[in-house]
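Here's the structure we're looking at; comments come further down.
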Amino acid sequence: MHHFSYVGNKLHCEGVDLAAVAALHGTPTYVYSTQTIADNYHRLAASLGGLDLRICYACKANSNLAVLRHFANLGAAFDLVSSGELRRVAAAGGRTQDSVFAGVGKSEAEIRVALEAGVYGFHVESEPELERINYVAGQLGLKAPIAIRINPDVDAKTHAKITTGKSENKFGIPLKFAAEAYAAAAKFPHLEIRGVQMHIGSQLTTVGPFVEAVKKVLPFVLELKKTYGIRYFSVGGGIGIVYPDALASGAQAWWDAKPEGERPLTPEVYGAALLPLLAPLGLKILLEPGRFLVGNAGVLVSRVEFLKRGHGKSFLILDAAMNDLVRPAMYEAHHEIVPLFRDSTRAALTADIVGPICESGDCFAKDRTLQEVGEGERVAFMSSGAYGYTMASRYNTRGMPAEVLVSGNRFELVNTRESFESMVAGEKIPGFLKS
Ligand SMILES: *Cc1c(COP(=O)(O)O)cnc(C)c1O
């Protein structure tokens, strides 16, 4: 469920007409719904009710300060993968001391920042990293709380670029070497073994791999509890969302056509499958969802530059491009694209929907059918709240897009469109070229 829908023929986010947002702040602009985020958060928490649960929102999915503050207000902690993210959470008023610090390549400087912030756990991915954390903690006269990331060698059956739980991935320590890694950790004087972690991939649309992975590591988790008195088990993130959205024509048919067992994962299914496995452990359970919490809570609003009627093929050329939303180019990801103004009297249009960048990868959808739209009209990319802005770039010297947050009938610009001056602020022409 999300809070984007047509009121009359105008696409709204909660009580706000998206055309009004576009008129005021221009395009391309990301628009996020606070209510959708809150609903997703509460729904996930409810699905694992009864556990000693901590939801650590994976802020790499969407790290706008306003979004982070909203999560902090909801009671979330955070999954951090860089000191930059840690500083963002602190700047937004989030609880860094309840948050966890992950990532395969933490630098000494990052470890220092995280130790000073008092993070709840370092999620360690290799033995050299144990040594490094121990060293930095020693310098500061502290004990660093750690959990080792176990790679359960489970096929998440998701896109190759976002699967992480197979033994050939760079992530974590294989289960069969994990006991050794913990024994090594126990010997370091400046480490405190506090938990265990796993994360098998992103955009998982079935519960099977989660169950398989948890079952595989459970005996080891119990052993860790006995041997080291660990306090928590983090089962990672990765819950997928439905990208063909119920707003677009054909999406309901798409859903209905799926056999029951292949329908996308819901938090209720996830919770029902994991609760009986996790509850008996008597440990604090950490979740690290990113996409599930924010994915369907955001859209990217874009303007039509041209409708180019080709020879045998038409192209809808937008002012948004792969630099603003890279998921289609990077993962062959599907986003529904819907008009801000719906008009049932218009003909259908089948076209390739593309951005203005000179690169054939700058294509959002091939042969997509939608209502005919013309120059100056606006469309929305549904479910763009996760890995949208955070993966955007300045390719082609296009400034970063604007971001807007909606709450009920109110909306506010929470990130200005990037100016040319800001893009080149760090650049200079050296003296030796000026003669
Ligand atoms: C990326 C990541 C997540 C979040 O993944 P989603 O698919 O967005 O839920 C959680 N934990 C770790 C360790 C990650 O790398």
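Given the structure is predicted, the values throughout are model-derived calculations rather than measurements. Counting convention: from 1, in listed order, for ligands and their atoms alike. Count residues from 1 along the sequence.
- At a threshold of 4.5 Å between non-hydrogen side-chain atoms, the residues Ile239 and Leu204 do not count as touching.
- With salt bridges taken as basic N to acidic carboxylate O contacts below 4.0 Å, none links Lys143 and Glu192.
- Scanning Phe171, Tyr387, Phe292, Tyr57 for the heavy atom closest to atom 8 (O) of ligand 1 points to Tyr387.
- Close contacts of ligand 1 with Pro289, meaning ligand atoms under 4.0 Å from a residue heavy atom, involve 9 (O).
- If you check which protein heavy atom lies closest to atom 7 (O) of ligand 1, you get Ser202 OG, 2.3 Å.
- Contact annotation: Gly236 has no heavy atom less than 4.0 Å from any atom of ligand 1.
- Set against the non-hydrogen atoms of Asp79, the atoms of ligand 1 under 4.0 Å away are 11 (N), 12 (C).
- Panel note: side chain Tyr32, backbone Ile37; no donor-acceptor pair is recorded below 3.5 Å.
- Of the N or O atoms in Arg149, none lie within a sub-3.5 Å distance of an N or O in ligand 1.
- In terms of protein heavy-atom proximity, atom 2 (C) of ligand 1 is nearest to Lys60 NZ, 2.2 Å.
- Against a heavy-atom cut-off of under 4.0 Å, Gly237 is close to the following atoms of ligand 1: 9 (O), 10 (C).
- Contact check for Phe188 versus Leu130: side-chain heavy atoms found under the 4.5 Å cut-off.
- Any N or O atom pair closer than 3.5 Å counts here, and Gly290 shares at least one such pair with ligand 1.
- There is no side-chain donor-acceptor pair under 3.5 Å between Asn323 and Ser393.
- Taking a cut-off of under 4.0 Å to the non-hydrogen atoms of Glu288, the atoms of ligand 1 that pass are 3 (C), 4 (C), 9 (O), 10 (C), 11 (N), 12 (C), 13 (C).
- Looking at Ser63, its side chain never comes within 3.5 Å of a backbone N or O of Lys60 through a donor-acceptor pair.
- Classified by interplanar angle (parallel below 30°, tilted 30° to 60°, perpendicular above 60°), the ring pair His335/Phe381 is perpendicular.
- Residue contacts with ligand 1 for Val81 are absent, since no atom lies close enough (heavy atoms, distance under 4.0 Å).
- Not a single heavy atom of Ala61 sits closer than 4.0 Å to an atom of ligand 1.
- The shortest N or O to N or O distance between Ala58 and ligand 1 is not under 3.5 Å.
- Electrostatic pairing of Arg43 and Glu268 counts as a salt bridge here, judged by a charged N lying under 4.0 Å from a carboxylate O.
- Counting heavy atoms closer than 4.0 Å to ligand 1, residue His123 contributes nothing at all.
- Under the 3.5 Å distance criterion, with hydrogens and angles disregarded, a donor-acceptor pair is assigned to the side chains of Glu288 and Gln197.
- Short contacts between ligand 1 and Arg291, defined as distances under 4.0 Å to a heavy atom of the residue, involve ligand atoms 6 (P), 8 (O), 9 (O).
- We find that Lys366 and Glu332 are not joined by a salt bridge, their nearest charged nitrogen and carboxylate oxygen being 4.0 Å or further apart.
- Proximity of His199 to ligand 1, defined as any heavy-atom pair under 4.0 Å, is confined to the side chain (atoms from C-beta onward).
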